[in-house]
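All values below come from the heavy atoms of this structure, side chains included, with hydrogens, waters and symmetry mates left out. Sequence positions, counted from 1, serve as the residue numbers for this chain.
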Amino acid sequence: MDPLDILGNLHKIRPVFQPIVSAINQDVIGHEVLARYEEDGKWHSLGPFFLDPDVPEEFKVEVDQHVLRLAVEQILEKGTDGLLFINRNAKQLMINDGDDLLQSLLDYEQKGLDMGRVVIEVTEHDFDEEFETLNHLLLYYKTYGIQIAVDHVGAKSSNIDRIRQLEPHILKIDSRIIRQQNGDTFHDIMFSMSMLAHRIGAALLFENIEDDYQLYFAWKHGSRYYQGFYLGYPAFQPVDRESLALNIGEKMSGYVQREKSLLQQRHDFINAWEKKVKDLLPKWEGPKKADVFIEGVTKEFNEESFRMFVCHMDGQQVSSNFRKKTDVWELEPHKRGSNWAFRPYFLENVMQMKALNTGLLSGLYSDIETKEMVRTFSFPLTDQHFLFIDLRYAYIYEHECLLA
């Protein structure tokens with residue numbers, strides 16, 4: 001498509017609306033406005049036009065403004081509710097100091113458009129270009145009630161500080177990177193993004209969802225909003241829940257039941273492990289004989305564990321490490337005296353075990369020595385001494401509930 005042809009035939013351009021679904025009420029809560037161009041009787045996406053670096057930004061702004069006008073007039077005429085997501089890159093926003101877009105929106109406000117419905121999307125890549133100027137402009141937009149979304153979050157971890165500074169309302173994550181990234185790497189990215197969203201009070205939105213696995217992944221990782229072909233294709237008319245490609249409420253009900261089942265299975269594992277240790281408690285004769293006690297524990301956790309030890313509640317290890325190599329448990333007496341109180345959650349967890357007199361299962365984490373993903377089951381032997389049993393990854397992998 002020739003940019004000049006597009007600019008000279010604005011009458012051939014129409015907005016399309018891609019639905020965005022909420023996890024809270026399983027309904028369509030808004031639409032992202034995209035553009036289509038009619039050529040030879042077929043409608044084509046204008047994505048290549050907007051992404052082409054050789055097309056002058058002024059051309060893109062003119063087309064965007066035309067599409068915005070048509071979209072807003074359509075939703076106002078039909079009384080369509082919900083959020084309206086509008087894409088703009090940094091260079092477009094900088095033209096005329098962002099006044100073109102703002103003035104258009106203010107004009108539509110007088111015709112009945114609630115500014116709180118407008119969500120301006122900028123990509124994380126835009127932060128590389130005059131961030132301070134862009135940040136100032138977006139903060140100014142926010143004073144009018146306009147919401148801000150940052151797209152392609154996680155593409156560049158170096159921008160986390162800038163995202164914090166902007167405090168957008170929504171963080172958009174591209175679901176396609178679930179399959180493109182190494183599994184562990186993507187989980188690390190998601191953990192960082194979830195924490196960031198929690199700290200700044202932003203909602204997560206997963207876009208480009210194309211199958212059930214991606215939708216489940218988004219739901220499981222706390223996404224409030226969902227968007228993609230799996231839910232609904234862009235259409236010339238805004239859609240409602242009945243027009244979605246699937247029953248989102250039914251899907252999420254299934255996810256809830258699946259997650260409850262996995263949690264129950266994990267709870268059953270913890271109960272079984274607690275019973276094993278409780279049955280061995282009469283053999284605990286104090287920290288000086290900790291190694292003798294652990295010898296008995298290894299027989300009960302030979303399949304599950306690759307390492308175990310006993311610590312005082314202040315963090316000092318009072319036993320040797322018992323480490324399983326091939327099929328043999330070997331002692332590492334030099335580990336006695338190590339202090340683990342510096343580890344995140346160590347003191348919090350031992351205080352919780354002491355107060356409740358129950359065992360705890362840690363979350364998945366990467367072991368410093370083996371570099372494998374492990375979990376640790378810990379149990380109070382007394383109110384001062386605690387047993388730590390590290391579960392081997394192969395065992396965790398064999399039981400989905402321990403991976404969840």
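A salt bridge does not link R162 to E132: none of the charged nitrogens lies less than 4.0 Å from a carboxylate oxygen. A salt bridge does not link K42 to E38: none of the charged nitrogens lies less than 4.0 Å from a carboxylate oxygen. Salt-bridge annotation for E121 and R88: absent, with no side-chain N of the basic residue lying under 4.0 Å from a carboxylate O of the acidic one. Salt bridge present: E259 and K220 bring a charged side-chain N and a carboxylate O closer than 4.0 Å. A salt bridge links K275 with D279: the closest approach of a Lys/Arg side-chain nitrogen to an acidic carboxylate oxygen falls below 4.0 angstrom. Ionic pairing of R307 and E372 is not present here: no N-O contact between side-chain nitrogen and carboxylate oxygen is shorter than 4.0 angstrom.
Residues C311 and W340 have side chains in contact (heavy-atom distance under 4.5 Å, counting atoms from C-beta outward).
Relative orientation of the W43 and F236 rings is perpendicular, given thresholds of 30° and 60° on the angle between their planes. The aromatic rings of F301 and W273 sit tilted relative to each other, their planes meeting at an angle between 30° and 60°. The aromatic rings of Y397 and Y393 sit tilted, their planes meeting at an angle between 30° and 60°. Using cut-offs of 30° and 60° on the angle between ring planes, the pair W284 and F293 is perpendicular.
Proximity of a side-chain donor or acceptor of D52 to a complementary backbone N or O of D54 within less than 3.5 Å is detected. For T382 (side chain) and Q384 (main-chain N/O), a donor-acceptor pair under 3.5 Å exists by modelled atom type. For the pair R241 (side chain) and D27 (backbone), a donor-acceptor distance under 3.5 Å is absent.
No close placement of the F322 and W329 rings is indicated, their centers lying 6.0 Å or farther apart. Between F269 and H399, the ring center distance clears the sub-6.0 Å criterion. Between Y226 and F206, the gap from one ring centroid to the other reaches at least 6.0 Å. Taking the centre of each ring, F388 and F346 come in below the 6.0 Å mark. In this structure, the ring of H136 has its center no less than 6.0 angstrom from the ring center of Y140.
Between V318 and R336, the shortest heavy-atom distance links the atoms O-NH1, 2.5 Å.
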| side chain to side chain contact (heavy atoms under 4.5 Å, CB included) between F229 and N208, worked out | CA-CA 7 Å; F229 293 163; N208 294 316; over 6 Å; no
